[in-house]
Amino acid sequence: MVAQTNDGHVLLVKKLGGLFAIIIGCLLTAVGVTFESGDTTFVGVLFLILGAGLLALKIVRRNEGSSLR
């Protein structure tokens, strides 16, 4: 089933932003671990958390109207 919302652009931005943040986070974390840079690793992990949070917000918003009953 496809959820229909009035603010579809916001959901698209959250989805793409979340995916972009996860990709950047993975790259920064890998570079930080490879070159033993704590700051770069920390920023990469922050981007991973940000991306996961944006995707979680998108999923919660999409499932707001549905019930598990």
Side-chain angles (χ1 to χ4, degrees):
M1 228 186 232
V2 176
Q4 298 293 328
T5 62
N6 291 336
D7 45 37
H9 294 294
V10 173
L11 295 178
L12 180 65
V13 169
K14 284 183 183 178
K15 186 177 187 178
L16 292 177
L19 290 173
F20 182 72
I22 287 175
I23 291 169
I24 295 299
C26 286
L27 290 173
L28 286 174
T29 302
V31 168
V33 168
T34 300
F35 293 112
E36 298 177 357
S37 172
D39 294 336
T40 306
T41 304
F42 179 73
V43 171
V45 170
L46 285 180
F47 268 101
L48 285 170
I49 292 169
L50 173 71
L54 285 174
L55 289 178
L57 286 174
K58 183 219 176 285
I59 292 168
V60 167
R61 173 78 176 177
R62 183 185 65 198
N63 293 331
E64 248 177 19
S66 66
S67 172
L68 294 176
R69 295 180 206 162

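Placement of Phe20 and Leu28 within a single hydrophobic cluster is found when ILVMFWY residues are connected by side-chain heavy-atom separations under 4.5 Å, directly or transitively. By the rule that hydrophobic residues join a cluster once side-chain heavy atoms approach within less than 4.5 Å of another member, Ile59 and Leu16 end up as members of separate clusters. Tracing side-chain contacts under 4.5 Å through hydrophobic residues (I, L, V, M, F, W, Y), one reaches Leu48 starting from Leu19; they form part of the same cluster. Ile24 and Val43 fall within the same hydrophobic cluster, where Ile, Leu, Val, Met, Phe, Trp and Tyr residues are linked whenever their side-chain heavy atoms come under 4.5 Å apart, directly or through other members.
Shortest non-hydrogen contact noted between Leu57 and Lys14 is CB-NZ, 4.3 Å. Annotation for Leu55 and Gly18: closest pair CG-CA, 4.2 Å, computed over non-hydrogen atoms.
Evaluation of the side-chain hydrogen bond (donor to acceptor under 3.5 Å, both in side chains) rule for Thr29 yields no partner, not counting sequence neighbours.
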